[in-house]
Amino acid sequence: MSFPLLTATAVLPAVGAVATAAVPAARRTAAKWLALIVSLATLALAVTVLVRFDPDGALPHSRTGSSGGTPFQLTESHSWIAAFGVRYELGVDGIGVALVALTALLIPFVVLAGWNDAEPLETGSRRWRPTQGFFALILAVEAMVIISFEATDVFLFYIFFEAMLIPMYFLIGGFGDRAHEHGEETASTQRSYAAVKFLLYNLAGGLIMLAAVIGLYVVAGNFSLAEIAQARADGSLHMATSTERWLFLGFFFAFAVKAPLWPLHTWLPNAMGESTAPVAVLITAVVDKVGTFAMLRFCLQLFPEASKWATPVILVLAVISIIYGALLAVGQRDIKRLIAYASISHFGFIIMGIFAMTSQGQSGATLYMVNHGISTAALLLVAGFLISRRGSRLIADYGGVQKVAPVLAGTFLIGGLATLSLPGLAPFVSEFLVLVGTFTRHPAIGIIATFGIVLAALYTLVLYQRTMTGPVKPEVSAMPDLKVRELVVVAPLIVLLIFLGVYPKPVTDIVNPAVKQTMSDVHKTDPKPEVEAAK
């Protein structure tokens, strides 16, 4: 039997989480180093998965059995709950392997950035921050997200799709941001509110999805994505139109909450605003990607006709998310809430690209998931370093930072410029592909969505102007610049943003064959360009 590489990639951080939690209370530094070493070892395994994955390879476990598509690779399949047809099945296509690599890449930076975020508070505080628990929960989230990207059994996916809510709940509610203008009592209340709201919204989506998962089993007789897709392709499984649409809506609702898509988005600004910057990165750059990934893997592949039926409404909701999120970002007073609303706008672009039903749109959406993860992580982590120095999240409390901390201001600017998709930085390529792919099939939607770019430039540049330029405020006059640990966190992300902005081919080569297969699954081809014949 070959080495179960995908299982190892998910199990290693899970075992690391248990080991980190078991470190004695007095050995807090040892717990940090253990978490960092485990996250780096997981990254090494993810790189191995990436190296062994062949984008154009053909292995036995094809999604549709067709010879032209990219199958799931590095597959593992074992009987689990035989009475209900549940199997432990893992496999990755180009989209899944790119997101596994993104997750494994970001976690070491999350651990390093949160190095001091879970230290015990001052004597007399009513809130204890167990360092071991903080880093153990981060590793637990990593394990559950990775196996969600690898699972090809619908029931297996559902378990970890829901289970990741538990460690995230404790990270939001138990390890919130210390910088709060209303004092510890109010901060604690708002953290609890944000954590409960996050949990309730996502549990509601998950319960609706559970009903759809059960319905899928009743119709198909098993939970295997490969087998169901094969049966749909060869005609041995037929779903009534109404049944397929109801099942699609059950799955899509849960993924739209996780993504998040307007109007199911309201939990995100609360959760990100009350979390530490590393946990906020975990939410929007890692966990939320499971929602958009699942739309590609499950909604489009399991319910192709229903996906096409729902496309007009979903595109309208995506455009509303783009404009609404950007408009609210413009008016924010809180740095992290501004970034949260900007992320809602960006997820609108991703969902628009997925349901544009063009290869450019879906390639751009997948690339956007990767690039948004890197750019948002860079901006949020630098913002976290800024907030920890000043002790405030309010934009009005800053001014003139670039004169006293030029490196911090410079990295903040690059992260911000990536957020507004400046040409030459990674998000530009993905946003351009999404807009081109949307415009070719839905020109009105594509035109309206471009206004999100203008608003992104507005909220990003205004944020930089108000925090970094102008007279130096007395409260920031002694602000130190980035330290070595912080530079180690930020510099690689900045390099990646520039590299993928100039040369995105390594990612597009991986995801394009998988996108081609997804387009085949939904029986869609790119529209032919309308060119006036030469006279």
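Note that the structure is a prediction, hence the values are computed from the model and not measured.
The distance from atom CZ of Phe428 to atom CG of Leu417, rounded to the nearest 0.5 Å, is 13.5 Å. With rounding to the nearest 0.5 angstrom, the CZ atom of Phe412 is 9.0 Å from the OH atom of Tyr464. Note that CD1 of Ile387 is 10.5 Å distant from CG of Asp397, once rounded to the nearest 0.5 Å. For the atom pair CG (Leu493) and CG (Leu106), the distance works out to 7.0 Å, reported to the nearest 0.5 Å. Taken from CG in Leu105 to CG in Leu99, the straight-line distance is 12.0 Å, to the nearest 0.5 Å. A distance of 7.5 Å separates OG of Ser392 from CD1 of Ile335, quoted to the nearest 0.5 Å.
Applying the 6.0 Å contact sphere to CZ of Phe155 captures no more than 12 heavy atoms from other residues, nucleotides or ligands. The number of heavy atoms from other shown groups lying within 6.0 Å of CZ (Arg466) does not exceed 12. Few gaps surround CZ on Arg485; more than 12 heavy atoms of other groups in view lie less than 6.0 Å from it.
Taking both residues in full, the closest heavy atoms of Ile344 and Pro260 are given as CG1-CG, 4.4 Å, listed atom of the first, atom of the second, then distance. Here the shortest heavy-atom pairing between Pro269 and Ala340 reads CA-CB, 3.8 Å. Contact record, Ser321 with Leu261: OG-CD1, 3.4 Å, taken as the closest heavy-atom pair. Contact record, Ala136 with Thr20: N-CG2, 3.9 Å, taken as the closest heavy-atom pair. Considering all non-hydrogen atoms of both residues, Leu74 and Leu5 come closest at CD1-CD2, 4.4 Å. Heavy atoms only, all atoms of each residue included: Gly501 and Val429 are closest at O-CG2, 3.8 Å.
With contacts defined as side-chain heavy-atom distances shorter than 4.5 Å, the pair Arg297/Thr152 qualifies. Residues Leu156 and Leu90 are in side-chain contact: their nearest non-hydrogen atoms beyond the backbone lie under 4.5 Å apart. Contact check for Phe251 versus Val213: side-chain heavy atoms found under the 4.5 Å cut-off. Side-chain contact check for Val290 versus Met164: some heavy-atom pair is nearer than 4.5 Å. Side-chain contact check for Phe385 versus Lys483: every heavy-atom pair is 4.5 Å or farther apart. Contact annotation: the side chain of Leu112 never approaches that of Pro278 to less than 4.5 Å [non-hydrogen atoms, C-beta and beyond]. At least one side-chain heavy atom of Val11 sits less than 4.5 Å from a side-chain heavy atom of Val15. Using a 4.5 Å heavy-atom cutoff, the side chains of Val476 and Arg389 are not in contact.
Judged by distance alone, the side chains of Thr284 and Ser343 do bring a donor and an acceptor atom under 3.5 Å apart. Side-chain atoms of Tyr459 and Thr419 include no donor-acceptor pair closer than 3.5 Å. Using a 3.5 Å distance cut-off with no hydrogens or angles, the side chains of Thr7 and Tyr88 do pair a donor with an acceptor.
A salt bridge links Glu274 with Arg393: the closest approach of a Lys/Arg side-chain nitrogen to an acidic carboxylate oxygen falls below 4.0 angstrom.
Looking only at distances, no side-chain donor or acceptor of Glu150 sits under 3.5 Å from a matching main-chain atom of Gly91. Without hydrogens or angle criteria, Gln332 side chain to Leu328 main chain gives a donor-acceptor distance under 3.5 Å. Distance alone, capped at 3.5 Å, places no donor-acceptor pair between the Gln132 side chain and the Ala22 backbone. Between the side chain of Thr48 and the backbone N or O of Ala44 there is at least one donor-acceptor pair closer than 3.5 Å. Side-chain N or O atoms of Trp262 include none that pairs as donor or acceptor with a backbone N or O of Gly325 at under 3.5 Å. Using modelled atom types, one side-chain atom of Lys473 and one backbone atom of Ala396 make a donor-acceptor pair closer than 3.5 Å. Under the 3.5 Å distance criterion, the side-chain polar atoms of Lys258 are matched with a main-chain donor or acceptor of Phe161. Panel note: side chain Thr411, backbone Leu408; a donor-acceptor pair is recorded below 3.5 Å.
Taking the six-membered ring for Trp and the full ring otherwise, the centers of Phe347 and His265 sit at least 6.0 Å from each other.
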Determine whether Leu165 and Tyr169 satisfy the following criterion, side-chain contact (heavy atoms from CB on, under 4.5 Å), listing intermediate values before the conclusion.
CA-CA 6 Å; Leu165 302 180; Tyr169 169 81; 6.0 Å; no

Apply side-chain contact (heavy atoms from CB on, under 4.5 Å) to residues Ile283 and Ile172 and explain how you reach the verdict.
CA-CA 9 Å; Ile283 295 170; Ile172 297 168; 3.9 Å; yes

side-chain contact (heavy atoms from CB on, under 4.5 Å) between Leu425 and Ile498, intermediate numbers included:
CA-CA 5 Å; Leu425 296 176; Ile498 297 171; 3.8 Å; yes

Are Trp115 and Trp33 close enough, and set up right, to give a side-chain contact (heavy atoms from CB on, under 4.5 Å), and what steps lead you there?
CA-CA 9 Å; Trp115 202 254; Trp33 280 105; 3.7 Å; yes

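Ring-plane geometry between Phe149 and Phe293 is classed as perpendicular, the angle between the planes exceeding 60 degrees on a 0 to 90 degree scale with a lower cut at 30. Ring geometry, Phe157 versus Phe298: the interplanar angle falls from 30° to 60°, so the pair is classed tilted. A perpendicular orientation is assigned to the rings of Phe252 and Phe355, their planes being inclined by more than 60° (bins at 30° and 60°). A perpendicular orientation is assigned to the rings of Tyr503 and Phe499, their planes being inclined by more than 60° (bins at 30° and 60°).
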